[in-house]
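Here's the structure, in structure tokens; my notes come after.
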Amino acid sequence: MRWWDIDPVLGLERDLFPDDAWSRGMFWSELSHARGAEANRRYLVAEEDDRIVGYAGLAATGATSDSGAAAVGDVQTIAVARSHQGTGLGGRLLTELLKAATAFECGEVMLECRVDNVPAQKLYERFGFVPIGFRRGYYQPGNVDALVMRLTTAPDSGSAADSPPVQGTEING
């Protein structure tokens, strides 16, 4: 995702998350950490016929080359246009985020998911995420609880990033 993608992403964001959509400033802030030597974010868009049909973002925190400690990845967002839901695009976006988490040397990846978003929860479970708790009233203004999920990576666990591609949809960073 680049700055010129923000307007179409905002349109999709408002359609999919009308009560708690991110602002333009939130996307600008995240993208400001996605490039350069100190980059700790990875944001992607999925395009079909020159139209953005999905996007996703990951933040990595806590790693320093001197400390030897593993970073923690946090899935910031995944969104798929209604016309592309159920096509595997969400899994493909998540796959790319997990590849980024590997590149950031994350030992685990966290995320929050609305408790009423069962399809997303099932997607995350297919990739090995497990529920670890709740954040009460996390999504505002609707006061909807978030299910907190975690994926712990291990060198011999294989890669969740081996999902088959979805034809006709290009994912760009």
Side-chain angles (χ1 to χ4, degrees), residues 1-17 20-48 51-81 84 89-114 117 120-121 123-124 127-129 132-133 135 138-140 146-154 157 159-163 165-166 169-173:
M1 182 185 301
R2 301 299 293 265
W3 65 266
W4 53 80
D5 295 318
I6 291 176
D7 283 339
V9 163
L10 282 172
L12 192 52
E13 176 83 2
R14 290 181 187 123
D15 176 52
L16 296 171
F17 312 112
D20 50 13
W22 282 23
S23 68
R24 178 182 317 281
M26 291 170 77
F27 280 108
W28 269 106
S29 177
E30 288 296 297
L31 289 179
S32 73
H33 298 284
R35 302 272 184 234
E38 302 295 320
N40 64 354
R41 304 285 196 279
R42 179 77 169 130
Y43 275 79
L44 312 161
V45 292
E47 296 178 309
E48 184 176 86
R51 184 173 66 97
I52 292 178
V53 295
Y55 57 91
L58 175 96
T61 58
T64 62
S65 57
D66 298 333
S67 72
V72 175
D74 188 47
V75 174
Q76 301 291 295
T77 187
I78 294 182
V80 174
H84 286 69
L89 180 55
R92 196 158 161 230
L93 287 165
L94 182 56
T95 295
E96 293 301 316
L97 293 183
L98 293 175
K99 287 179 183 178
T102 299
F104 285 128
E105 299 181 355
C106 296
E108 62 183 8
V109 179
M110 308 288 292
L111 60 81
E112 294 91 16
C113 180
R114 290 174 62 107
N117 191 345
Q121 291 171 33
L123 168 69
Y124 301 137
F127 278 77
F129 284 85
I132 61 168
R135 291 194 172 150
Y138 183 77
Y139 293 98
Q140 294 296 326
L147 176 64
V148 180
M149 302 180 82
R150 175 176 56 206
L151 172 67
T152 303
T153 59
S157 65
S159 173
D162 291 331
S163 296
V166 177
T169 305
E170 181 179 343
I171 296 179
N172 302 303

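- Nearest heavy atom pair, residue Ile78 against residue Ala56, reads CG1-CB, 3.9 Å.
- Leu97 is not listed as a side-chain neighbour of Leu93, based on a closest heavy-atom distance of 4.5 Å or more.
- With a 4.5 Å cut-off on side-chain heavy atoms, Asp7 and Arg24 count as touching.
- To the nearest 0.5 Å, atoms CG (Leu58) and NZ (Lys99) are separated by 14.0 Å.
- Looking only at distances, no side-chain donor or acceptor of Ser29 sits under 3.5 Å from a matching main-chain atom of Gly25.
- Taking CZ of Arg92 as the start and NE2 of His84 as the end, the distance is 11.0 Å to the nearest 0.5 Å.
- We find the CZ-OG1 distance between Phe17 and Thr77 to be 5.0 Å, quoted to the nearest 0.5 Å.
- Minimum heavy-atom separation, Val109 to Ala101: CG2-CB, 3.7 Å.
- For Cys106 against Ala60, the heavy-atom pair with the smallest separation is SG-CB, 4.0 Å.
- For the atom pair CG of Leu44 and OG1 of Thr95, the computed distance is 11.0 Å after rounding to the nearest 0.5 Å.
- For the pair Leu31/Asp5, no side-chain contact is recorded, criterion being any heavy-atom separation below 4.5 Å from C-beta on.
- Contact check for Ile132 versus Met110: side-chain heavy atoms found under the 4.5 Å cut-off.
- For the atom pair CD1 of Ile6 and CH2 of Trp28, the computed distance is 5.0 Å after rounding to the nearest 0.5 Å.
- Scanning for side-chain contact (heavy atoms from CB on, under 4.5 Å) contacts around Leu123 gives Leu94, Arg126, Phe127, with sequence neighbours left out.
- Looking at heavy atoms from C-beta onward, Leu98 lies in side-chain contact with Leu151 at the 4.5 angstrom threshold.
- The side-chain contact (heavy atoms from CB on, under 4.5 Å) check on Gln76 picks up Trp22, Glu30, Tyr43, Ala59, Asp74, with sequence neighbours excluded.
- Residue Cys113 comes nearest to Gln121 through the heavy atom pair SG-CG, 3.7 Å, listed as atom of the first residue, atom of the second, then distance.
- Under the side-chain contact (heavy atoms from CB on, under 4.5 Å) criterion, Tyr138 pairs with Glu112, Arg135, Ala146, not counting sequence neighbours.
- Contact detail for Met1 and Val9: the closest heavy-atom pair is CE-CG2, 3.9 Å.
- In this structure, Ala46 and Leu89 approach most closely via the heavy-atom pair CB-CD1, 3.7 Å.
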